[in-house]
Amino acid sequence: VADGVVKRTYVAGDGKPLEPHDHALVHYVGTDSVGVVFDSSRKRDEPFTVTVGVGSVIPCWDLALPTLTVGDRLKLECRADQAYGDDGQVPGDLVFDLEVLGTSESPPHLEL
C-alpha cells in the first residue's frame, strides 16, 4: 500500500470499492507489537464508521482504506510512523484485523 503499511488479505471482498468520502462500516481488532489487544469494535459488537481518505484516522488506515472493497477481511500492519508514533496513544508498530462490512450515509461517530 505504502512505505510502512502492509496489507495481507484473508478474504477478498466482491462488493463496492471504497472511495474518498465514503462512510465505511468496519470491524477491527487492534493489537500492539507484542500482540496485546488495545481496542476492538468486535468486542463492543459495534462497527466503526470512518470517512475514507480525509485524514480522520491514523495514516495507515487513511492509506489502506481506499484500496479496499466491501467484504474484504485483512491483516493491516502499520509501522509506528504510520500509526500513533513511538510516543503516541499506542506506541510502536500496530496490527489490525480489519473487515469492511459496507458503507453508510451516516457521519462517523468515532475516530481512531
> Could you go step by step and tell me if Q82 and I58 meet the side chain to side chain contact (heavy atoms under 4.5 Å, CB included) rule?
Replying inline: CA-CA 7 Å; Q82 295 288 7; I58 59 175; over 6 Å; no

>> Which residues pass the side-chain hydrogen bond (donor to acceptor under 3.5 Å, both in side chains) test with T9, not counting sequence neighbours?
In response: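 Once residues adjacent in sequence are excluded, T9 has no partner under the side-chain hydrogen bond (donor to acceptor under 3.5 Å, both in side chains) criterion.
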
> T31: what forms a side-chain hydrogen bond (donor to acceptor under 3.5 Å, both in side chains) with it, not counting sequence neighbours?
Replying inline: none

> Is it true that the side chains of T103 and H23 contain a donor and an acceptor less than 3.5 Å apart?
Replying inline: no

Test item: [X] and [Y] side chains (from C-beta on) under 4.5 Å apart, heavy atoms:
{"X": "E46", "Y": "S41", "value": "no"}
{"X": "L18", "Y": "V100", "value": "yes"}
{"X": "E99", "Y": "R42", "value": "yes"}
{"X": "F48", "Y": "L25", "value": "no"}
{"X": "L74", "Y": "F96", "value": "no"}
{"X": "V52", "Y": "P66", "value": "yes"}
{"X": "D97", "Y": "Y28", "value": "no"}

>> Tell me every residue that passes salt bridge (Lys or Arg N to Asp or Glu O under 4.0 Å) with D62, counting only those two or more places apart in sequence or in another chain.
In response: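 In terms of salt bridge (Lys or Arg N to Asp or Glu O under 4.0 Å), with neighbours along the sequence ignored, D62 is linked to no residue.
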
>> If the condition is salt bridge (Lys or Arg N to Asp or Glu O under 4.0 Å), which residues does D93 pass it with, not counting sequence neighbours?
In response: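 None.
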
>> Nearest 0.5 angstrom please: Q89 CD to L94 CG, how far?
In response: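 Nearest 0.5 Å value for the CD-CG distance: 9.5 Å.
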
> So, the side chain of T51 versus the backbone of H21: is there a donor-acceptor pair under 3.5 Å, distance only?
Replying inline: no

Show which residues join [X] in its hydrophobic cluster (side-chain heavy-atom contacts under 4.5 Å, direct or indirect), or state none.
{"X": "V29", "value": "V37"}
{"X": "V34", "value": "V36"}
{"X": "V11", "value": "Y10"}

Summary of disulfide (SG to SG under 2.5 Å) pairs that have at least one residue in [range], sequence neighbours excluded:
{"range": "residues 25-57", "result": "none"}
{"range": "residues 3-56", "result": "none"}
{"range": "residues 1-54", "result": "none"}
{"range": "residues 18-71", "result": "C60-C78"}

> Looking at V50 and S56, what are the two nearest heavy atoms and their distance?
Replying inline: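 So the two residues come closest at CG2-OG, 3.9 Å.
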
> For the residue pair L98 and L76, what are the closest heavy atoms and their distance?
Replying inline: CD2-CD2, 4.2 Å

>> Applying salt bridge (charged side-chain N to carboxylate O under 4.0 Å, His left out) as the test, list every pair that has at least one member in residues 1-10; sequence neighbours left out.
In response: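 Of all non-adjacent pairs touching residues 1-10, those that pass salt bridge (charged side-chain N to carboxylate O under 4.0 Å, His left out) are D3-R79, R8-E77.
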
>> Hydrophobic cluster membership, with links at side-chain heavy-atom distances under 4.5 Å among I/L/V/M/F/W/Y: are V57 and F38 in one?
In response: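 Yes, V57 connects to F38 through the hydrophobic network.
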
> Do D39 and R44 pass the side chain to side chain contact (heavy atoms under 4.5 Å, CB included) test, and can you show the C-alpha distance, the side-chain angles, and the key distance before you say yes or no?
Replying inline: CA-CA 9 Å; D39 195 12; R44 290 188 301 275; 2.6 Å; yes

